[in-house]
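Right, one structure below, let's go through it.
Throughout, a chain's letter reflects where its sequence line sits, starting with A, and its residues are numbered from 1.
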Amino acid sequence: MKDRVAIAGAASTGFQARNTDRSQASYVAQACKAVLDQCGLTPRDIDGLCGSLPTAPAVQSMLGIPELTWFANPVIPFGNHVAAAASAVYSGLCDVVLAYHGAYRMAWNTGSALKDPFRRGVTFGGGGVVPPESVAGSAGYTAWASRYIYEFNVPRESLGHVAINSRTNAMANPGAAMRDPLVMEDYLSARMIRSPLCLYDMDVAVDGADAFIITTAERAAGLRLPPVLINAVVLGMTGKNEEDQTPGLRQHGQHVTVEALKAKSDFWIDDIDVLLAYDGFSVITLNWLENVGFCGPGEAGSFIADNWVANEDGTGRIMIKGRVPVNTHGGSLSEGGTQGTGHLREAVHQLQGLAAGRQIEGAERALVTVGGFFFNAEGMTLRRGRPR
Amino acid sequence: MNVGNAGGRTAGSMNNEPADMSVADADVSDEELCSLFPGAVDRDSAAHLRGRLRRRLLINRCAECGTWHAPPKPVCPSCLSEHVVATPVSGAGTIFMAVFLHQGPPAEGVDYSTPYPVVTVELDEQPGLRYSSTVVGSPNEEIQIGRRVELDWIMRGNVPTPVFRLAGKSRA
Ligand SMILES: [Zn+2]
C-alpha cells in the first residue's frame, strides 16, 4: 500500500472548550463541506464514508451523498479510520473516502457536558455504572504515569514541558481552544485532577470537527492540493491490552507500532520535518519520544530539556536538534482533544504548505503517532507527493 | 461446554475448588445479580461478581494449563481452553500503580475532599496478574508503589466490595 493511497485534503472547524449551542452533527457537516470545497469535490464524488459519531449512515443522509459502496464506523482514535479508509481505497472497495470526526464535549470526556440537556443523550455507548476504583479509560493513563514516575524517578517538570510545548504552539493556531501563555509556575501550581496528573496533563474536551479526503494517489494528484501520501500505517497492540493488565512500560502497544512502522516505512525519525506525537495525556508523548527512538526509556524529560527553545516570557517549545518541532498545532492538550484528528490534520497541512503562521519551511515528511499504550497505539508516516 | 462458572459441572475436578462455591451460585438469581451490579454483569463476569457477594475474590484460572487471567474471559488466553474456572485468590500482592482521585464518579462512601486512592495490585498468584481497587486504613502518603497489600472488604450499599489494606495494618 506504500504511497498508493493519499490524503487529498484536511479541514477543521476550529475548537472551543465550552458547551456550544450546536450539535455534533453540525460541526461534522461544516468540516465535511469545507474539505469537499477545498478539494473541489461534491457529495457525488464520494463513495466511501468513515467516522465514529455521528454514524456513517447518518452522515450520508445529512450530506446527501447519493451512493456509497463502502463505509465504516471504527472506534477512536483516528488511526483506525485512516487504516480502514486507506485499506478500502487500496483494495478497490471504494475510490474516494470522506473521513470525519466530531470532537464533542460529552459525559465521557467532561462531566460539565451533563449541564447541557441537549448533550446528555450523546454518548459513545457503553453505559453502566463506572466505579471510582476502575482504571479503565482516562484513569489508566494516570495509573501508568504513576508507574513511569516510579520506575524512572521523573520530576513533574518533565510532564510540564509537554504541556507548555503544546500551549506555546497553540498560540500560533487560531483554531486552538487554549491560547493563553502557559509557563512552568502555572503548571506546577495547577489543580490536581488525578494525582500524579494535574489539569494541564489532560486533553481539553472541545466542540468541533475535522474531515479528510482519502483516495488513490493518482486521483489525489489531480485534485487541487498537493497529495499527502500514506507511506505506512500501523495499529499496534499487545496480547494483554486492558489498562491494568498491559505488561509494562517496555512492552505496550507503542512498541509493536514502532517496530512495524520502522519495518514498513521508507523513512524514520532522522528524516522527518515534523513530529505529531499524541498528547491526550502528557505522559503519552514522553513514551512516544522514547519508543520511536529519540532517547531511551525514562529519558524523554531530559531529551526535551536538551531540545528546548525557551522564550523570555517563560513559554517555550521543543525543537528536536534545533529543527523538528512537535505538535505544532497545539496538540490535544491545547488545540483540543480530537482523538488524533488534530495531529493528522496538522501533518497534512504542514506537508501541503497550508499551516499559515506556523508553517515549517519545505516540510516533506511527517511522523504521526496517534493514541496511547493499550488498544490505541497507532502510527503513520506521511510524505508530500507531487501534484499532476 | 463449561465456561467461567465455579458452580458448573466441572468444578469438582478442580483441587482448589472451595466446597461452598456452588452454594454461592445458588444464593442469588441472575436477575438479582444484574440488579446488584447494574451494567456490569454478563455471562463471563457473573461468577466473579457472585464471588464478591460471598466476600471471595474470584479470578479466572484455566483448568487445563493453570494460567490465571483477568478480567474474566470465556477462554484461556494462554491455551484457548474453554475450561476456565473462577477461582479464589488470596488478594495478597504488591502495589504496581497508584492514583489519587481529586474528583471522580459519585459513589457511596467516596469523598474526594481527601483524594481517593485507586491502586492496581500485582497479585501473588502470577506475575502480571493485576486487580484494581482502593486502599483502606492508611493515609495517602503511605500508599505507594511497591508496598505490600492484603485483601479486605467494605460494604457499598448492601454489596461487599473488595479493597486492599497495607499489609500488617490491622482492621479498624
Ligand atoms: Zn490455559
Side-chain angles (χ1 to χ4, degrees), chain A residues 107-108 110-112 114 123 125-154 190-199 201-202 237-252 281 283 373-375, chain B residues 34 36-42 45 59 68-73 77-78 95-112 115-123 126-136 140 143-147 154 156-157 159 161-164:
Chain A
W108 75 274
T110 173
S112 61
L114 295 172
T123 123
V129 179
V130 179
E133 292 83 10
S134 171
V135 297
S138 301
Y141 288 101
T142 316
W144 280 99
S146 78
R147 188 74 199 175
Y148 182 81
I149 290 166
Y150 170 81
E151 284 192 27
F152 302 114
N153 195 24
V154 173
R191 185 161 55 94
M192 301 303 286
I193 306 294
R194 300 181 192 98
S195 179
L197 299 186
C198 72
L199 184 66
D201 290 305
M202 305 174 172
M237 275 198 287
T238 59
K240 290 185 180 177
N241 52 48
E242 294 94 349
E243 286 89 338
D244 59 355
Q245 307 296 321
T246 289
L249 288 165
R250 292 171 177 80
Q251 191 188 353
H252 57 61
F281 291 87
V283 68
F373 295 174
F374 313 121
F375 31 77
Chain B
C34 291
L36 289 170
F37 298 100
V41 192
D42 63 19
S45 62
I59 302 287
W68 303 80
H69 74 256
K73 305 177 200 306
S78 293
I95 297 178
F96 182 81
M97 304 192 283
V99 171
F100 301 89
L101 304 181
H102 294 245
Q103 59 188 61
E108 186 187 300
V110 179
D111 177 4
Y112 297 102
Y116 185 67
V118 177
V119 297
T120 296
V121 168
E122 187 131 328
L123 299 172
Q126 179 178 292
L129 180 71
R130 304 189 192 121
Y131 195 82
S132 299
S133 188
T134 191
V135 177
V136 298
N140 284 351
I143 301 168
Q144 295 170 355
I145 294 173
R147 290 293 300 265
I154 60 171
R156 178 164 290 158
V159 178
T161 300
V163 298
F164 295 101

Between V118(B) and chain A, which part of the residue has a heavy atom less than 4.5 Å away: side chain, backbone, both or neither?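 Looking at V118(B), just its side chain touches chain A.
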
Contacting moiety of [X], where chain B heavy atoms sit under 4.5 Å:
X: S138(A); value: neither
X: P132(A); value: both
X: E242(A); value: side chain

Show the nearest heavy-atom pair for residues M192(A) and H102(B), with the distance to one decimal.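 Taking every non-hydrogen atom into account, O-CB, 3.3 Å.
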
For P71(B) versus Q245(A), what's the shortest heavy-atom pair and its separation?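 Heavy atoms only, the tightest pair is CD-CG, 4.2 Å.
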
Go through M97(B) and E243(A) one step at a time and tell me if the side-chain contact (heavy atoms from CB on, under 4.5 Å) criterion holds. CA-CA 11 Å; M97(B) 304 192 283; E243(A) 286 89 338; over 6 Å; no

Largest heavy-atom contact set with chain A, pairs under 4.5 Å, which of G128(B), A107(B), P127(B), S132(B):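 Ranked by contacts with chain A, first place is S132(B).
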
Of all of S133(B), P77(B), P115(B), which one pairs up most often with chain A through heavy atoms under 4.5 Å apart? S133(B)

Return the [atom1] to [atom2] distance between [X] and [Y], rounded to the nearest 0.5 Å.
X: S146(A); Y: F96(B); atom1: OG; atom2: CZ; answer: 8.5 Å
X: R130(B); Y: K240(A); atom1: CZ; atom2: NZ; answer: 7.5 Å
X: R147(A); Y: T120(B); atom1: CZ; atom2: OG1; answer: 10.5 Å

